[in-house]
Number of protein chains: 2
Amino acid sequence: MVFLSMQSYPGVMTVTRPYHHGDLPRVLLQAAVTAIEEAGPAALSLRDLARRTGVSHAAPTHHFGDKAGLLTALAVEGFDLLAATLTAAGDDLLDVGVAYVDFAVRHRAHFEVMFRPDLYRADAPEVRAAQERAGAALHTGVATLPPDRAEPGEARTDALAAWSIVHGFATLWLSGALPADVEADPRIAARTVIRRLFPPP
Amino acid sequence: MVFLSMQSYPGVMTVTRPYHHGDLPRVLLQAAVTAIEEAGPAALSLRDLARRTGVSHAAPTHHFGDKAGLLTALAVEGFDLLAATLTAAGDDLLDVGVAYVDFAVRHRAHFEVMFRPDLYRADAPEVRAAQERAGAALHTGVATLPPDRAEPGEARTDALAAWSIVHGFATLWLSGALPADVEADPRIAARTVIRRLFPPP
DNA sequence: GCGCAAATCTTTATGCTGGCAAGATTGGAT
DNA sequence: ATCCAATCTTGCCAGCATAAAGATTTGCGC
């Protein structure tokens, strides 16, 4: 990590900055993740991010335009991260579903922003593209199901049902709405629930 | 509708108020629903509610304490409304599940607040109580399933899977994340998806 | 009716936030 | 060495949440 000089301070010629020049966007996004994990996306404050990262209050605005711009970048990052996670989980639909829930729990801040389109510009082309990449990764898992049922549109229903059940479980888990007697490890509980939808032969 | 006199205005002795005295909390909650449906719960502003209802900016604070207090009341109202809706849907698990999704779509503002505990005081006793009433109504629907499987904890898994799939479908629908080729009527699409989890014998 | 306490609502004030505009500094390209 | 664009700071303004204090209305005992 290199420390670079920073501009004027009263009485001090040079100060240091704990990140490479030009990396402020990434640093701000990381600070946003931390802040959201602490108090939720609704309580996020650009000025608080600036304080956390030691820059002026207007620095975040320069890079992201406005608050919605920052959350848009966070959503894009989240969808890409989700796509990578699902792809890495392999071909087994159970594993993909568990990976979805695991992503939501481990990247809670990203996940909460991603599915709250009133907070960011969900119609931005980079968002749409990232969403499609994540959707394709999810559909890949569904495609591995044995196509023994002949009804048309069955694969689409399977995909929608799989997405719904893992997304629902993840959001219920994150919102703390689940009763206390549910398995403490969300991955184990999720696997049990998903297996109820796609029972082994 | 009775119009009551209002306090001093410069040069005018009495003015009228379009609601019964003491009904301001209910009026404010209704205004909050409208505002949330327009711009989401994150953009809700107490001062905007005051303007919408024609009262001073501090009137909402008097009744609900603060913004979280207002959303707490909205969440309680939502959970009670959900419990009533699920109970009225009957005993068929499919009908109960469709009613859950239908509630989310028709009472979008309540639903969005209910499962966003960072916005209100989710640990308040009246919230817990209302949550349990809604949970009991949901479990009633699951209890009507034929208990032909002998594995222990199966009913709990069924309930969790049912809740997850309807909740996930509802939140995905509300967030606009579903692909465009999904059935336009959420009740029909939801029924198809739920049937995938609980296929008819 | 009368008077008083409580509830209801307004006014005033303070600190924080988002967004805009202008200026200072830095880094890189030529 | 010089210029330019990107980066970041300072200053500013309007809107918001919240608190405190004052004004008005309502309910209630008499």
Side-chain angles (χ1 to χ4, degrees), chain A residues 2-29 31-32 35-36 39-72 118-121, chain B residues 2-29 31-32 35-36 39-72 118-121:
Chain A
V2 179
F3 288 72
L4 302 176
S5 67
M6 198 174 171
Q7 72 188 61
S8 65
Y9 257 74
V12 182
M13 295 312 291
T14 59
V15 176
T16 54
R17 192 192 279 139
Y19 56 90
H20 286 84
H21 180 81
D23 279 354
L24 184 55
R26 181 164 298 272
V27 173
L28 286 171
L29 285 179
I36 291 174
L44 184 66
S45 148
L46 286 184
R47 293 177 114 95
D48 181 50
L49 289 188
R51 279 190 295 269
R52 285 170 184 263
T53 53
V55 293
S56 76
H57 67 84
T61 303
H62 168 71
H63 290 284
F64 297 103
D66 58 358
K67 191 174 172 178
L70 186 142
L71 293 178
T72 301
D118 55 309
L119 293 180
Y120 64 98
R121 279 181 272 278
Chain B
V2 178
F3 287 72
L4 302 177
S5 67
M6 198 174 171
Q7 72 189 62
S8 65
Y9 259 74
V12 183
M13 294 313 290
T14 59
V15 176
T16 54
R17 193 191 277 140
Y19 56 89
H20 286 86
H21 181 80
D23 279 355
L24 184 55
R26 181 164 297 272
V27 173
L28 286 171
L29 285 179
I36 291 175
L44 184 67
S45 147
L46 287 184
R47 290 177 113 95
D48 182 49
L49 289 189
R51 279 191 295 270
R52 285 170 185 264
T53 53
V55 294
S56 77
H57 68 84
T61 304
H62 168 70
H63 290 283
F64 297 103
D66 58 358
K67 191 173 171 179
L70 185 141
L71 293 179
T72 301
D118 56 309
L119 293 180
Y120 64 98
R121 280 180 271 278

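Numbered from 1 within each chain, the chains take letters A, B, ... in sequence-line order.
Spacing between atom CG of A:L49 and atom P of C:dG18 amounts to 8 Å, rounded to whole angstrom units. B:D66 has its CG atom 17 Å from the P atom of D:dC16, to the nearest Å. In this structure, A:L71 atom CG and C:dG18 atom C1' are separated by 13 Å, rounded to whole Å. Going from atom CZ of A:F64 over to atom P of D:dT7 covers 11 Å, rounded to whole Å. Distance CG (B:D48) to C1' (D:dT18): 17 Å, rounded to an integer number of Å. Taking atom CG of residue A:L28 and atom C1' of nucleotide D:dT7, one finds them 12 Å apart after rounding to whole Å. Atoms CZ (B:R52) and C1' (D:dG15) sit 16 Å apart, rounded to a whole Å. Rounded to whole Å, atom P of D:dT9 lies 11 Å from atom NE2 of A:H62.
Nearest heavy atoms, A:L46 versus A:P60: O-CG, 4.0 Å. Listed here is the closest heavy atom pair of B:A35 and B:D48: CB-OD2, 4.4 Å.
Using a 4.0 Å heavy-atom cutoff across all strands shown, A:T61 reaches no nucleic acid atom at all. In this structure, A:L44 reaches the sugar-phosphate backbone alone: every heavy-atom distance under 4.0 Å involves primed, P, OP1 or OP2 atoms, never a base.
For B:L46, the side-chain atoms get nearest to D:dT18 when compared with the rest of C:dG18, C:dA21, D:dT18. With C:dC9, D:dT18, D:dT9 as the candidates, the nucleotide lying closest to the side chain of B:L24 is C:dC9. Ranking C:dG18, D:dT7, D:dA17 by closeness to the A:S45 side chain, first place goes to C:dG18. In this structure, of D:dA17, C:dG18, C:dT10, it is D:dA17 that holds the atom nearest to the side chain of B:R47. Considering only the side chain of B:S56, C:dT10 comes nearest among C:dC20, C:dT10, C:dG18. Residue B:A59 places its side chain closer to C:dC9 than to any other of C:dC9, C:dG19, C:dT11. With C:dG18, D:dC12, D:dA19 as the candidates, the nucleotide lying closest to the side chain of B:A58 is D:dA19.
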Test side chain to side chain contact (heavy atoms under 4.5 Å, CB included) applied to B:R121 and B:D66, step by step
CA-CA 11 Å; B:R121 280 180 271 278; B:D66 58 358; 2.7 Å; yes
How far apart are the C-alpha atoms of A:L71 and A:L44, what are their side-chain angles, what is the distance that settles it, and do they pass the side chain to side chain contact (heavy atoms under 4.5 Å, CB included) test?
CA-CA 10 Å; A:L71 293 178; A:L44 184 66; 3.7 Å; yes
Given side chain to side chain contact (heavy atoms under 4.5 Å, CB included), test B:V55 with B:V27 step by step and report yes or no.
CA-CA 11 Å; B:V55 294; B:V27 173; over 6 Å; no
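Using a 4.0 Å cut-off, no side-chain N or O of A:H57 falls inside it from OP1 or OP2 of C:dC16. In this model, the phosphate group of C:dT17 is approached by a side-chain N or O of A:R51 to a distance below 4.0 Å at OP1 or OP2.
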